[in-house]
Asker: 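Sharing a structure, written as structure tokens. Questions coming.
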Amino acid sequence: MIKVCKFGGSSLANSKQFKKIKKIVNSEEDRKVIIASACGKSNKNDHKVTDLLYLCIAHKKYGMSYDSILNEIKNKHLQIINDLKLNFDLENEIKRIKSLLDKNGNVDEILSFGEYLSSKLLSLYLKCDYVDAKDVICFNYDGSINFEKTKESLLKYLKTNKKVVIPGFYGSLPNGVIKIMSRGGSDITGSIIANVIDADIYENWTDVSGIYVCDPRIISNPKKIELITYSELREMSYMGANVLHEEAIYPVKNKNIPINIRNTNDYLENGTLIVSNTDKKKTPPISGITGKKDFLVISIAKINSSNELGFLKRILDIFDNYRIPVVLVTTAIDSFSIILDKSKIKNDIYEVCNEIKTSLKCDEVSLYDNLSLVCVVGRGMKDKKGISGKIFSLLGENDINIRTISQGADEISIIVGVDDDNYEKTIKCIYERFVK
Ligand code: ASP
């Protein structure tokens with residue numbers, strides 16, 4: 001059995017956290033491949049190393065001194081080295097970062113130092129082999145991952161029985177140049193590695209005991225989700241639940257490798273298990289409730305447009321031309337509501353509306369900018385009668401007006417649009433009735 005274990009930044013924030021990792025890794029022989037994020041925050045006022053590296057680059061770009069920021073990076077690592085009595089030439093690594101900054105070197109390489117340093121220290125502390133991500137995570141020139149080459153490269157290093165530590169977040173292009181992933185990318189590294197070595201499980205160690213049914217800022221102490229499918233997780237993360245990098249799902253999903261979200265600070269907790277399929281009989285109707293505020297609705301009406309071939313396509317083309325992502329489209333017969341993330345349209349809003357109105361000869365184009373979307377997710381809703389009816393009456397009874405409704409034919413989620421003022425209240429009502 002092989003377990004790939006990825007530890008997030010908060011699990012590497014200081015020497016106390018390193019000790020917790022050691023206990024976790026050594027408690028099971030199967031925990032063979034360890035992926036590390038850059039050192040994260042120890043407390044609210046602390047900074048993540050990756051953020052500090054971004055800051056150094058920005059200071060350099062605008063001709064300001066970055067010395068104090070680089071010093072903060074150095075001290076954070078030095079503290080860990082001293083506490084754990086590690087033998088590591090940090091001074092030399094800091095010089096390398098400095099020289100890259102000074103000669104305006106590869107920005108991705110500078111940013112990779114967060115994961116590089118934390119992984120070097122972790123491998124020394126755990127007495128594991130260190131494998132550099134640039135030697136095993138292989139990108140194509142278009143930024144996609146070359147899984148075959150990654151597998152080939154990685155297997156060379158996994159021949160011994162020794163556990164290995166690999167930095168997350170970066171890899172290299174075919175010409176050897178270092179390339180990073182998007183923020184939070186160590187999750188993706190873990191998932192790619194689990195895929196290429198056919199791991200039995202991908203453990204993602206963080207600072208919460210799993211995925212909660214809803215946002216703890218809205219419901220205090222919400223229930224934890226024990227088991228969820230990849231598709232449900234996808235729905236939940238698209239609509240705001242922020243647990244795992246969304247690109248981390250595909251590599252493991254393709255090979256049916258379960259993901260286990262675990263808590264480094266409470267390692268005996270089982271966490272949440274993410275799988276392809278589950279036993280339907282034991283499935284509750286609702287797995288999670290999530291959502292987001294601050295959407296904008298553009299309502300478009302034109303008499304007889306339902307008989308106008310390609311009308312919706314022409315509307316969507318306009319958004320495409322302005323590179324504005326459309327979140328949801330709900331329709332009546334001769335009218336359409338296009339739901340957009342407010343922050344993505346702010347500058348073009350009047351131009352877009354004007355273009356829709358004139359070029360498509362619409363009767364009416366109106367705006368509503370106070371919409372929240374609440375997404376009720378559950379594989380258990382499929383083929384179960386009356387769930388949507390109950391949700392809608394519940395909201396009605398609680399004086400909440402539903403502005404939009406959307407449900408796909410796979411019945412895995414129901415999305416309701418309510419006024420921003422009713423966002424928290426909607427989630428609370430659904431949680432109280434269906435989950436608690
Ligand atoms: N250190 C990177 C970031 O802060 C990647 C990661 O932690 O997953 O985004």
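Counting starts at 1 for both ligands and their atoms, following the listed order. These numbers come from the heavy atoms of this one structure, side chains and all, not from hydrogens, waters or symmetry mates.
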Asker: Can Glu269 and Arg262 be counted as an ion pair, charged N to O under 4.0 angstrom?
Answerer: no
Asker: Are Tyr230 and Asn256 close enough, and set up right, to give a side-chain hydrogen bond (donor to acceptor under 3.5 Å, both in side chains), and what steps lead you there?
Answerer: CA-CA 10 Å; Tyr230 298 119; Asn256 270 334; 5.2 Å; no
Asker: Considering only NZ, NE, NH1 and NH2 on the basic side and carboxylate oxygens on the acidic side, decide whether Lys163 and Glu29 come within less than 4.0 Å.
Answerer: no
Asker: Pull out every atom of ligand 1 sitting under 4.0 Å from any heavy atom of Arg183, numbered as shown with elements.
Answerer: 3 (C), 4 (O), 9 (O)
Asker: Considering only protein heavy atoms, which is closest to atom 6 (C) of ligand 1, and at what distance to one decimal place?
Answerer: Ser186 OG, 3.3 Å
Asker: Would you call the rings of Tyr116 and Tyr130 parallel, tilted or perpendicular, where under 30° means parallel and over 60° means perpendicular?
Answerer: perpendicular
Asker: Can you list the ligand 1 atoms lying under 4.0 Å from a non-hydrogen atom of Glu115?
Answerer: 1 (N), 2 (C), 5 (C), 6 (C), 7 (O)
Asker: Looking at ligand 1, would Gly114 count as a contact under a 4.0 Å heavy-atom criterion?
Answerer: no
Asker: Could you walk me through whether Thr426 and Asn422 satisfy the side-chain hydrogen bond (donor to acceptor under 3.5 Å, both in side chains) test, starting with their C-alpha distance in whole Å, then the side-chain angles of each, then the deciding distance to 0.1 Å, before giving a yes or no?
Answerer: CA-CA 6 Å; Thr426 303; Asn422 279 328; 5.7 Å; no
Asker: Below the 3.5 angstrom mark, is there an N/O of Ser37, backbone or side chain, next to an N/O of ligand 1?
Answerer: yes
Asker: Closer than 4.0 angstrom: is that true for some heavy atom of Gly184 and an atom of ligand 1?
Answerer: yes
